[in-house]
Amino acid sequence: MSVDAKDMGQDLEKVLVTEEEIKARLAELGARIDADYADRDLLIVGVLKGAVMVMADLARALHTPVSMDWMAVSSYGAGTTSSGVVRILKDLETDIKDRDVLIVEDVIDSGLTLSWLIGNLKSRGPRSVEVCTMVRKPLAFDVDLDVKYVGFDLPNEFIIGYGLDYAEKYRNLPFIGTLAPHVYEH
């Protein structure tokens, strides 16, 4: 039995996307990705730490053989908003020249970090770079981003669960929800 909403007590405000909805959506996205990348050499690149859950479950939903690699980039401090400065904390171990690359994200908030990451990866000579995200928020539409695969469009609220954290907690929740304000309003 995994952690559930009851385990959070008063820290959970509401569940936005259930575990069942996530699984169903990943199956749909997996089928689309399989169709789009049939007979191609696909590398899926997870963005640490948040994309761990999405990456693992998406990879299992695919029937297409894929390679996997990870990047860690940072534009967040300890708070809930982007600092605007992007740093590579862990780079790819895979040469992506002439490869099809699918960036896997947990959430696209402002889109600024992802826009930077796409530019960085495209400069390495891949055949293609596309994006799959579990969650896209409204501010992401303000940046010119072509996000090919989107799990859910959610409101601009602070969300946790399914890889998304607050102060490194709540990533292991099998659903996506909102955190009660008393947790982060000190």
Side-chain angles (χ1 to χ4, degrees), residues 1-5 8 12-71 73 92 94 96 99-111 113-115 117-118 121-122 126-165 170-179:
M1 194 76 120
S2 64
V3 65
D4 63 24
M8 289 197 60
L12 178 67
E13 185 172 60
K14 66 183 174 231
V15 174
L16 297 174
V17 184
T18 67
E19 181 176 8
E20 293 74 23
E21 290 169 322
I22 290 170
K23 286 179 182 176
R25 188 67 181 129
L26 281 171
E28 293 168 6
L29 292 173
R32 282 186 50 210
I33 292 166
D34 280 335
D36 292 348
Y37 290 95
D39 302 319
R40 290 168 68 184
D41 184 21
L42 180 61
L43 172 69
I44 56 176
V45 174
V47 182
L48 295 170
K49 299 178 186 172
V52 168
M53 305 296 184
V54 182
M55 181 88 153
D57 290 343
L58 177 65
R60 285 191 292 258
L62 294 171
H63 295 276
T64 303
V66 296
S67 301
M68 297 168 68
D69 204 343
W70 297 93
M71 284 189 82
V73 295
L92 294 175
T94 308
I96 64 172
R99 298 282 306 266
D100 290 304
V101 177
L102 179 63
I103 300 169
V104 179
E105 276 277 26
D106 54 347
V107 62
I108 302 173
D109 281 305
S110 69
T113 303
L114 182 59
S115 179
L117 181 58
I118 291 168
L121 293 180
K122 282 184 174 179
R127 181 179 303 119
S128 68
V129 175
E130 299 291 351
V131 178
C132 177
T133 186
M134 180 52 58
V135 174
R136 178 174 57 187
K137 291 187 179 179
L139 285 176
F141 292 106
D142 295 343
V143 176
D144 184 23
L145 281 178
D146 181 22
V147 181
K148 191 166 187 177
Y149 310 99
V150 177
F152 302 94
D153 283 307
L154 294 181
N156 195 29
E157 297 181 84
F158 191 76
I159 55 176
I160 45 97
Y162 201 66
L164 300 154
D165 75 299
Y170 311 109
R171 290 187 195 277
N172 62 322
L173 298 172
F175 57 85
I176 298 170
T178 56
L179 204 52

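When a residue number appears, it is its place in the shown sequence, counting from 1.
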Sole candidate of D146, D109, D153 that passes salt bridge (Lys or Arg N to Asp or Glu O under 4.0 Å) when paired with R136: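 Of D146, D109, D153, salt bridge (Lys or Arg N to Asp or Glu O under 4.0 Å) with R136 is met by D153 alone.
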To the nearest 0.5 Å, what is the distance between CD on E157 and NZ on K14?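 If I round to the nearest 0.5 Å, the distance is 4.0 Å.
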Quick one: CG on L154 to CG on L16, what's the gap to the nearest 0.5 Å?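 If I round to the nearest 0.5 Å, the distance is 5.5 Å.
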Indicate the atoms forming the closest heavy-atom contact of D165 with I160, along with that distance.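 The pair with the smallest heavy-atom distance is C-CG2, 3.9 Å.
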Closest approach of M53 to N172 (non-hydrogen atoms, all atoms of both residues):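 That would be CE-CA, 3.8 Å.
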May I ask you to say whether [X] pairs ionically with [Y], meaning some side-chain N is under 4.0 Å from a carboxylate O?
X   : Y    : result
R32 : E28  : no
D41 : R99  : yes
D36 : K148 : yes

With a 4.5 Å cut-off on side-chain heavy atoms, are M134 and E105 touching?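 No, too far: nothing below the 4.5 Å cut-off.
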Audit row: L58, I33, side chain to side chain contact (heavy atoms under 4.5 Å, CB included) steps and yes/no: CA-CA 10 Å; L58 177 65; I33 292 166; 3.9 Å; yes
So V66 and L43, side chain to side chain contact (heavy atoms under 4.5 Å, CB included) or not? Walk me through it. CA-CA 6 Å; V66 296; L43 172 69; over 6 Å; no
Criterion side chain to side chain contact (heavy atoms under 4.5 Å, CB included) on V131 and I108, from CA distance to verdict: CA-CA 10 Å; V131 178; I108 302 173; 4.3 Å; yes
Would L121 and I103 count as a side chain to side chain contact (heavy atoms under 4.5 Å, CB included) if you check the C-alpha gap in whole Å, the side-chain angles of each, and the deciding distance to 0.1 Å? CA-CA 10 Å; L121 293 180; I103 300 169; 3.7 Å; yes
